[in-house]
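Keep in mind that what you see is a predicted model, and the values were worked out from it rather than measured. By convention in this document, chain letters (A, B, ...) are assigned in the order of the sequence lines, proteins followed by strands, and residues within each chain are numbered from 1. Heavy atoms only: backbone and side chains are in, while hydrogens, waters and symmetry mates are out.
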Protein chains: 2
Amino acid sequence: MTTEVPPAAAPDEEDWLRLDGQVCFSLHAASRAFNGVYRVLLKELGLTYPQYLVMLVLWEHGEQPVKRLGARLRLDSGTLSPLLKRLEAAGLVHRERSAHDERSVEVRLTDEGTALRARALQVPRRIMAATGFTLEEIAALRTTLNRLTTALDKAALETTPACD
Amino acid sequence: MTTEVPPAAAPDEEDWLRLDGQVCFSLHAASRAFNGVYRVLLKELGLTYPQYLVMLVLWEHGEQPVKRLGARLRLDSGTLSPLLKRLEAAGLVHRERSAHDERSVEVRLTDEGTALRARALQVPRRIMAATGFTLEEIAALRTTLNRLTTALDKAALETTPACD
DNA sequence: CATGATTCAGTTGTGCGCAATTGAATTGTG
DNA sequence: CACAATTCAATTGCGCACAACTGAATCATG
């Protein structure tokens, strides 16, 4: 009833929504800002940002089924299927039913897709320059974000438990 | 020509794509993981994550035109117009052409939209708990992400200059 | 006052992200 | 071998993000 509440150590209840807005919004904004810079750089490669992520995996690990691509990128077939079709239409990848398991679809780079890697090599350096961050800062941020992702994924599993 | 290049202080050219993949992917993944947890918590409020961001702004700053909402959230009308229509259909906001400037549309909370704030107050604390981060860590991450966003926005402007 | 530039919200089209479903192929069990 | 459960990719539906465009209202200039 009184207004003489001393400045508490913990934020006032009314402040929580503001604080929260800043936290979640910062991540949201950073993600889109990052996306924006990539969009510009990747336009000349004819790739979108998620398509670039797929190509990174293929360049690093080579041919693999859609399932494994999705596991590495945390994307399901609802996102990957149309994306891979567009990459195939662009002539960068080839999709083929596995001989061993007809349920599985193997994705592999075409010669053109493999060749694109050389042009992509300059992208990371330009992104680094755009951030103005040092290698150490980038590494630290990556570690923090990975820890955040792990914690959030764990929490999501505990919150969503489909009972049973 | 030779393969006897000594281990350089800077990463090998071949490593750049891998490093880059980790950096951009970490942010991408963290953003989606965050989104996933919010999705669960906000479902009981009947809001999506971007809709929640809009409500946060309205709760904090009150009635304002679409233009200002977009400036605060870095979203354009292509995103906001349909989003606000859905919030209006849900009975949470009201849209009305400004009397002073017929081009502008004022967005204000309905009583129902204002009342929803009370139920939203518990969301930030639950998100905090899900991250496992301390207030200090959250604040530090926010600062880093804001610095990153500012730098990336600046770089995007310099890279995209539509000449003029 | 007239006209040309600017400022708005809205629409369209493309692509990503995710939940839910479908249907075929495979595996496990009796 | 037969049948049920599981594992895949693909599809559908909805919402967000963004570029490009439309059209109305406003402002600036002469």
Side-chain angles (χ1 to χ4, degrees), chain A residues 24-25 28-40 42-43 46-54 64-71 73-90 93 95-107 153 156 160 162, chain B residues 24-25 28-40 42-43 46-54 64-71 73-90 93 95-107 153 156 160 162:
Chain A
C24 64
F25 176 64
H28 200 62
S31 180
R32 283 184 294 130
F34 228 105
N35 208 310
V37 174
Y38 269 106
R39 187 194 317 280
V40 174
L42 294 177
K43 181 181 288 184
L47 294 174
T48 67
Y49 183 64
Q51 287 167 9
Y52 173 67
L53 294 180
V54 168
Q64 58 196 288
V66 174
K67 178 74 174 177
R68 175 144 40 203
L69 262 176
L73 296 169
R74 297 164 171 277
L75 294 173
D76 69 359
S77 61
T79 299
L80 282 177
S81 288
L83 187 155
L84 291 171
K85 276 189 179 178
R86 284 185 285 269
L87 285 181
E88 187 174 41
V93 307
R95 293 183 308 142
E96 197 169 20
R97 289 274 162 195
S98 167
H100 311 298
D101 187 341
E102 287 283 336
R103 296 170 304 178
S104 183
V105 169
E106 292 285 331
V107 182
D153 281 348
T160 328
Chain B
C24 65
F25 175 65
H28 200 61
S31 180
R32 283 184 292 129
F34 228 106
N35 208 311
V37 174
Y38 269 106
R39 187 193 319 279
V40 175
L42 294 177
K43 181 181 287 183
L47 294 175
T48 66
Y49 183 65
Q51 287 167 9
Y52 174 68
L53 293 179
V54 168
Q64 59 195 285
V66 174
K67 178 71 175 180
R68 175 144 39 209
L69 263 176
L73 296 169
R74 295 164 171 276
L75 294 174
D76 68 359
S77 61
T79 299
L80 282 177
S81 287
L83 188 156
L84 291 171
K85 274 189 179 179
R86 284 185 285 270
L87 285 181
E88 187 173 42
V93 306
R95 292 183 308 144
E96 197 170 20
R97 288 275 162 192
S98 166
H100 309 299
D101 187 340
E102 287 283 335
R103 294 171 305 178
S104 183
V105 169
E106 291 286 329
V107 182
D153 281 349
T160 327

Ignoring hydrogens and angles, are the base of [N] and the side chain of [X] linked by a donor-acceptor pair under 3.5 Å?
| X | N | result |
| --- | --- | --- |
| B:S77 | C:dG10 | yes |
| B:R103 | C:dT7 | yes |
| A:S81 | D:dA9 | no |

Expressed in angstrom and rounded to an integer, what is the separation of [X] atom [atom1] from [N] atom [atom2]?
| X | N | atom1 | atom2 | value |
| --- | --- | --- | --- | --- |
| B:F25 | C:dG17 | CZ | P | 10 Å |
| A:L73 | C:dG17 | CG | P | 9 Å |
| B:L42 | D:dG15 | CG | P | 15 Å |
| B:L84 | D:dA17 | CG | P | 12 Å |
| B:Y49 | D:dC14 | OH | P | 24 Å |
| B:E102 | C:dG10 | CD | P | 13 Å |
| A:L80 | D:dT11 | CG | P | 13 Å |
| B:R32 | D:dA17 | CZ | C1' | 15 Å |

Look at all strands and tell whether [X] reaches a base, only sugar-phosphate, or nothing, counting heavy atoms closer than 4.0 Å.
| X | value |
| --- | --- |
| B:K43 | nothing |
| A:D101 | sugar-phosphate |
| A:L75 | sugar-phosphate |
| B:R68 | nothing |
| A:L83 | sugar-phosphate |

Notebook entry, point to check: Would you say A:S31 and B:F34 make side-chain contact, with heavy atoms under 4.5 Å?
Noted result: no
Notebook entry, point to check: Should A:P50 and A:L83 count as side-chain neighbours, where that means a heavy-atom distance under 4.5 Å?
Noted result: yes
Check: Is the phosphate of C:dT11, meaning OP1 or OP2, less than 4.0 Å from a side-chain N or O of B:K85?
Finding: yes
Next item on the list: Please tell me which of the listed nucleotides, D:dC18, C:dA9, D:dG15, lies nearest to the side chain of B:D76?
Entry: D:dC18
Item checked: Earlier contact from the 5' end, DNA chain C, for B:R97 and B:N35 -> B:R97
Next item on the list: Between A:H100 and A:P50, name the one whose nearest nucleotide on DNA chain C is closer to the 5' end.
Entry: A:P50
Note to self: Looking at every heavy atom in both A:V107 and A:R95, which two are closest together, and how far apart are they?
What the structure shows: CG2-CG, 4.4 Å
Note to self: Testing the basics here: between B:Y49 and B:L42, what is the closest heavy-atom pair and its distance to 0.1 Å?
What the structure shows: CA-CD1, 3.7 Å
Checklist line | A:G78 vs B:Q51, nearer the 5' end of DNA chain D by closest nucleotide | finding: A:G78
Next item on the list: Map A:K67 and A:A33 onto DNA chain D by nearest heavy atom, then report which one ends up closer to the 5' terminus.
Entry: A:K67
Notebook entry, point to check: Using 30° and 60° as the class limits, which term best fits the ring planes of B:Y38 and B:Y52: parallel, tilted or perpendicular?
Noted result: tilted
Check: Donor-acceptor pair, B:R74 side chain versus A:R32 backbone, under 3.5 Å?
Finding: no
